[in-house]
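Heads up: the structure comes next, in structure tokens.
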Amino acid sequence: QAQLVESGGGLVQAGGSLRLSCAASGRTFSGYATGWFRQAPGKEREFVAFVTWRGAFTYYADSVQGRFTISRDNAKNTAWLQMNSLKPEDTAVYYCAARSTSRAVVITPTLPSDYDYWGQGTQVTVSS
């Protein structure tokens, strides 16, 4: 079973940047695609970004396209979410998730149920 630990959250002013990290342990990271989700108070968990296990393909929610960048390094068992031009509406708990490559192919897995393992989340707060 894979364990995922997010870090890098915090408080930032609008227009600022943060870089979230997702460190994996327990299983080789290279057998899993990685996604980032976020959940604001009173709202459902929503998809943010996805990267395939080789890092060749990425996909973003429209709300973050052009501002956020997902990446990974399998040798380091780590994925990142670089967040630039942050807005107050980006405030949420951000979660890293892993999807086994043994599952049926989904080109753009954007549902929480598409993923097998989750981290505990890291809070991102953007002040106006």
Side-chain angles (χ1 to χ4, degrees):
Q1 182 172 346
Q3 287 84 42
L4 306 176
V5 178
E6 301 96 334
S7 61
L11 173 64
V12 64
Q13 289 187 332
S17 298
L18 283 173
R19 190 191 196 201
L20 306 183
S21 298
C22 172
S25 62
R27 280 180 178 262
T28 177
F29 199 46
S30 62
Y32 293 83
T34 303
W36 284 94
F37 286 73
R38 66 187 182 187
Q39 188 166 18
K43 295 187 177 182
E44 293 187 352
R45 192 167 297 190
E46 66 171 354
F47 169 78
V48 175
F50 164 78
V51 61
T52 52
W53 76 272
R54 284 196 176 106
F57 174 74
T58 59
Y59 182 73
Y60 299 91
D62 289 343
S63 59
V64 306
Q65 178 74 49
R67 300 188 297 123
F68 291 10
T69 302
I70 188 171
S71 61
R72 63 186 292 155
D73 185 334
N74 290 338
K76 296 181 179 179
N77 274 357
T78 304
W80 297 274
L81 184 68
Q82 177 67 44
M83 305 186 296
N84 298 328
S85 303
L86 283 161
K87 305 175 181 179
E89 52 264 42
D90 294 319
T91 295
V93 177
Y94 282 70
Y95 297 90
C96 172
R99 171 184 171 86
S100 173
T101 54
S102 65
R103 296 181 67 170
V105 174
V106 174
I107 301 301
T108 54
T110 60
L111 300 176
S113 59
D114 289 331
Y115 294 82
D116 303 295
Y117 302 105
W118 292 84
Q120 83 290 347
T122 185
Q123 176 70 46
V124 171
T125 303
V126 184
S127 62
S128 57

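The first residue of the sequence shown is numbered 1, and numbering continues consecutively from there. Because the structure is predicted, anything quoted here is derived from the model rather than measured.
Residues Tyr115 and Leu4 do not share a hydrophobic cluster, defined by chaining ILVMFWY side chains whose heavy atoms lie under 4.5 Å apart.
Using a distance-only test at 3.5 Å, with no hydrogens or angles considered, no donor-acceptor pair links the side chain of Arg45 to the main chain of Arg38. Thr122 places a side-chain N or O within 3.5 Å of a backbone atom of Gly9 that can act as its donor or acceptor partner. No donor-acceptor distance shorter than 3.5 angstrom exists from the side chain of Asp73 to the backbone of Thr78, with no hydrogens or angles considered. Within the 3.5 Å criterion, the main-chain N or O of Gly35 finds no donor-acceptor partner in the side chain of Arg99.
For the residue pair Gln65 and Ser63, no side-chain donor N or O sits within less than 3.5 Å of a side-chain acceptor on the partner. Remark: the Arg72 side chain and the Thr34 side chain contain an N/O donor-acceptor pair separated by less than 3.5 Å. Side chain to side chain, Thr108 and Thr110 fail the donor-acceptor criterion of an N or O pair below 3.5 Å.
With side-chain heavy atoms closer than 4.5 Å counting as contact, directly or through intermediates, the hydrophobic cluster containing Val124 also holds Val12, Leu18, Leu20, Trp36, Val48, Val51, Tyr60, Val64, Phe68, Ile70, Leu81, Met83, Leu86, Tyr94, Val126.
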Which is it for Ser71 and Gln82 under the side-chain contact (heavy atoms from CB on, under 4.5 Å) test, yes or no, and what are the steps along the way?
-> CA-CA 8 Å; Ser71 61; Gln82 177 67 44; over 6 Å; no

Please assess Gln123 against Thr125 for the test side chain to side chain donor-acceptor pair (under 3.5 Å), listing each intermediate value before the final yes or no.
-> CA-CA 6 Å; Gln123 176 70 46; Thr125 303; 3.3 Å; yes

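For the atom pair Asn84 CG and Ser17 OG, the distance stands at 3.5 Å (nearest 0.5 Å). To the nearest 0.5 Å, atom CZ of residue Arg19 and atom OG1 of residue Thr69 are 10.5 Å apart.
Across all non-hydrogen atoms, the minimal contact from Thr101 to Ala33 is CG2-N, 4.4 Å. Nearest heavy-atom pair across Ser128 and Pro88 is CB-CG, 3.9 Å. Across Asp90 and Ser85, no two heavy atoms sit closer than the pair OD2-O, 4.4 Å.
Sorted pairs that involve residues 43-85 and meet disulfide bond (SG atoms under 2.5 Å apart), not counting sequence neighbours, are lacking altogether. Listed by first then second residue, pairs satisfying disulfide bond (SG atoms under 2.5 Å apart) with a partner in residues 95-128 read Cys22-Cys96, not counting sequence neighbours. Annotation: side-chain hydrogen bond (donor to acceptor under 3.5 Å, both in side chains) contacts involving residues 47-57, sequence neighbours excluded, are absent. Screening residues 98-128 for disulfide bond (SG atoms under 2.5 Å apart), with sequence neighbours left out, gives no hits.
Under the ring pair (Phe, Tyr, Trp, His ring centres under 6.0 Å) criterion, Tyr59 pairs with Phe47, not counting sequence neighbours.
Tyr32 has its ring centre less than 6.0 Å from the ring centre of Tyr117.
Here the side chains of Glu6 and Trp118 are not in contact, with every heavy-atom distance at 4.5 Å or above.
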